[in-house]
Protein chains: 2
Amino acid sequence: MPGRGSKKIAQQPTLADFKVGVDNVIFSVDTAQNRLLVLLVMRQEEPFSGHWCLPGTLVRQGESLEDAAYRILAEKIRVKNLYLEQLYTFGGPGRDPRECDGSYGVRYLSVSYFALVRFEEAELIADGVSGIAWYPLEQVPQLAFDHNKILEYGHRRLRNKLEYSPVAFEVLPEVFTLSDLYQLYTTVLGDNFADYSNFRARLLKLGFLYDTKVKVSRGAGRPASLYRFDAEAFAPFKDKPLVFI
Amino acid sequence: MPGRGSKKIAQQPTLADFKVGVDNVIFSVDTAQNRLLVLLVMRQEEPFSGHWCLPGTLVRQGESLEDAAYRILAEKIRVKNLYLEQLYTFGGPGRDPRECDGSYGVRYLSVSYFALVRFEEAELIADGVSGIAWYPLEQVPQLAFDHNKILEYGHRRLRNKLEYSPVAFEVLPEVFTLSDLYQLYTTVLGDNFADYSNFRARLLKLGFLYDTKVKVSRGAGRPASLYRFDAEAFAPFKDKPLVFI
DNA sequence: GCAAAAGTGTTCCTGGTACACCCATGC
DNA sequence: GCATGGGTGTACCAGGAACACTTTTGC
């Protein structure tokens, strides 16, 4: 950080001034239909007015990045449970058209966050004006800014996290069948992994899935047991390499 | 981004103005002494003048984040080979003392990058004024700003990456013995994993380590073969789950 | 010769894979 | 009854863990 407040003003390269935005990639899963969903909102202002985009906001004075991420989330949906982590920071010049017009030289930088919510518990807040909707991942349209890129990055993160951490239980309902769990993995990762019975056996042996003994019947077939993720029983596995495949 | 350029000026929350810094966590390994090293520089300006810190810079107009990361790196060391990836963005208010004094309301945000270089090939650029040095990780002092936190984050990333990706070959010399490789893993991860002979057998079976047949003798004991990482032979494993433990 | 470090091989056993098969429901 | 989906068990095999052993150097 050369020469801030110093006297040699000769050929100082000019620093860029930034506005910092936070954009959230919010995933959920519709267990009933086995669809991976992402939350999109319709932009009301220029640029890209009328285009869908990831829910985002600019960071306010005194607000931390994470606070900003929680704020947009709270503005858009009401949730009981929430998983949130920082994703990536996109900041090349020219990623936002506002950089050219109006305020000279201001750069727009986006710190993206990755969130998982439970579909059943997430209640979308429609303010009457702005559109907001869950989009199945394969049906996501062209988004504003570089949001398709951000979304893709988030999707990759989700796939990676599924394999080695218990994020699945953040998107599944409180109680779920082992089929639900297996379906979730196949819808997100494809079905190039262990078959259902092996998947089942492995997960149960680990011992952090609690069988509530409650049965649910969905159409034909034998009723399935509802299971609950037992965070306490999982604790020993925390930070240890663990493969869910 | 509510009401930019609109007419209702009433109670708009004020957006924060940011300067964006890039800080690099640059790791290397001294194979001879089996030490994990991190590059530190001595700050010459306030705040924290006279303190060690991670090499960093503020982003200039027209410069991408990654460009800035490469720029500081190039200012500090000359390298032939380089691995670089974004680490994390630290941006809470109050992380930089400059936020209070002088320019009102400006926030300082740090996008950190993670870099690996080869110790033998890395030539430190001493400009006569500023201190610059490789620090063994256990001897790192109190750093300026929140750089200890950033460093710790980078260290965690390094440990994770070692387990499932071939980053080891970015810090090892072009040719290395299998002991060197094993030592690297133990110095970074501890020795809670497979013993040398199993490690060795597993790695060799994968087939992307090319035996140059050249032998080196280091003191007593049988001379070791020098191996070379064969990126082509590794390609099929790219993006596949692969454990190096 | 002996110690030290590199390199090879062997045995044991866990844990993944691929199935076959039984169970409980709707119709 | 039969189709459907849930749940259990078994037989096989790859690959990891532990460890003994051989080879080649320095001294």
Side-chain angles (χ1 to χ4, degrees), chain A residues 31-34 162-164 172-173 175-187 189-228 236-237 240-245, chain B residues 31-34 162-164 172-173 175-187 189-228 236-237 240-245:
Chain A
T31 332
Q33 299 195 62
N34 277 317
L162 261 196
E163 291 183 10
Y164 62 86
L172 284 176
V175 292
F176 50 86
T177 71
L178 289 177
S179 279
D180 289 340
L181 183 59
Y182 186 67
Q183 297 296 343
L184 168 62
Y185 272 86
T186 52
T187 50
L189 297 178
D191 46 10
N192 351 337
F193 57 92
D195 70 359
Y196 175 64
S197 57
N198 291 324
F199 177 84
R200 176 193 169 77
R202 195 141 36 88
L203 265 288
L204 285 181
K205 185 148 55 137
L206 291 171
F208 50 72
L209 293 182
Y210 173 72
D211 186 348
T212 65
K213 305 286 187 189
V214 181
K215 310 288 181 186
V216 277
S217 197
R218 313 225 248 248
R222 176 174 171 172
S225 250
L226 288 175
Y227 286 81
R228 162 175 287 119
F237 299 98
K240 276 180 193 154
L242 175 57
V243 181
F244 286 80
I245 352 180
Chain B
T31 331
Q33 299 195 63
N34 277 318
L162 262 195
E163 292 184 10
Y164 62 86
L172 284 176
V175 293
F176 50 87
T177 70
L178 289 177
S179 281
D180 289 340
L181 184 58
Y182 186 67
Q183 296 296 343
L184 167 62
Y185 272 86
T186 52
T187 51
L189 297 178
D191 46 10
N192 350 334
F193 57 92
D195 70 358
Y196 174 65
S197 56
N198 290 325
F199 177 84
R200 177 192 167 76
R202 194 140 37 87
L203 265 288
L204 286 179
K205 186 148 53 138
L206 290 171
F208 49 73
L209 293 182
Y210 174 72
D211 186 349
T212 65
K213 306 286 188 189
V214 180
K215 309 289 180 185
V216 279
S217 197
R218 308 213 177 110
R222 176 173 173 172
S225 250
L226 286 175
Y227 286 82
R228 162 175 286 120
F237 299 97
K240 277 179 191 154
L242 175 57
V243 182
F244 287 79
I245 350 182

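Residue numbers begin at 1 in each chain, while the letters A, B, ... track the order of the sequences. When reading the values below, keep in mind they use all heavy atoms of this one structure, side chains included, and skip hydrogens, waters and symmetry mates.
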**OP:** Select from A:G221 and B:Y227 the residue whose nearest nucleotide in DNA chain C is closer to the 5' end of that strand.
**Re:** B:Y227

**OP:** Check whether any side-chain nitrogen or oxygen of A:R200 sits under 4.0 Å from OP1 or OP2 of D:dG6, and answer yes or no.
**Re:** no

Subject >> Residue A:S225, side-chain atoms from C-beta onward, closest of D:dG7, C:dG7, D:dG16 >> reply: D:dG7

Subject >> Separation of B:Y185 OH from B:F199 CZ (nearest 0.5 Å) >> reply: 6.0 Å

Subject >> Between C1' of C:dG9 and NZ of B:K205, the distance in whole Å >> reply: 13 Å

Original post:
Starting at CZ of B:R202 and ending at P of C:dT8, how long is that distance when rounded to a whole Å?
Top reply: 16 Å

Original post:
Nearest to the side chain of B:R222 - C:dT8, D:dT23, D:dA18?
Top reply: D:dT23

Subject >> Flag, side chain of A:S225 to backbone of A:D211, donor-acceptor distance under 3.5 Å >> reply: no

**OP:** Would you mind reading off the distance between B:D195 atom CG and C:dG9 atom P, rounded to a whole angstrom?
**Re:** 16 Å

Subject >> Any donor-acceptor pair under 3.5 Å from B:T212 side chain to B:L226 backbone >> reply: yes

Subject >> Closest nucleotide among D:dT24, D:dG9, C:dA5 to the B:P223 side chain >> reply: D:dT24

**OP:** Would you classify B:R218 as touching base, sugar-phosphate or nothing, given that sugar-phosphate means primed atoms plus P, OP1 and OP2, and contacts are heavy atoms under 4.0 Å?
**Re:** nothing

**OP:** Give a yes/no answer on whether the side chain of A:S217 brings an N or O atom under 4.0 Å of OP1 or OP2 in C:dT25.
**Re:** no

**OP:** Using a 4.0 Å heavy-atom cut-off across all strands, classify A:A194 as base, sugar-phosphate, or nothing.
**Re:** sugar-phosphate

Original post:
Below 4.0 angstrom from OP1 or OP2 of D:dG7, is there any side-chain N or O of A:S197?
Top reply: no

Subject >> Proximal nucleotide (of D:dG26, C:dT25, D:dG7) relative to the B:A220 side chain >> reply: D:dG26

Subject >> For atom CG of B:L204 and atom C1' of D:dG16, their distance in whole Å >> reply: 16 Å

**OP:** Measure the spacing between CZ of A:F176 and CG of A:L184 and express it to the nearest 0.5 Å.
**Re:** 10.0 Å

Original post:
Starting at CG of A:L178 and ending at C1' of D:dT8, how long is that distance when rounded to a whole Å?
Top reply: 13 Å

**OP:** Spell out, as yes or no, whether a donor-acceptor pair under 3.5 Å connects the side chain of B:D195 to the backbone of B:N198.
**Re:** yes

Original post:
Rounded to the Å, how far apart are B:D180 CG and C:dA5 P?
Top reply: 13 Å

Original post:
Could you give the CZ-to-P distance, from A:F199 to C:dA18, as a whole number of Å?
Top reply: 16 Å

Original post:
So which nucleotide from C:dA4, C:dT25, C:dA6 ends up closest to the side chain of B:Y196?
Top reply: C:dA6

Original post:
Looking for any heavy atom pair under 4.0 Å, which part of the strands does B:T177 touch: base, sugar-phosphate only, or nothing?
Top reply: nothing

Original post:
So which heavy atom on B:Y196 is nearest to which on B:L178, and how close?
Top reply: OH-CB, 3.7 Å

Original post:
Atom CG of A:L203 to atom P of D:dT8: distance rounded to whole Å?
Top reply: 14 Å

**OP:** Look at the side chain of B:N198 and decide which nucleotide, out of D:dC19, D:dG9, C:dG16, has an atom nearest to it.
**Re:** D:dC19

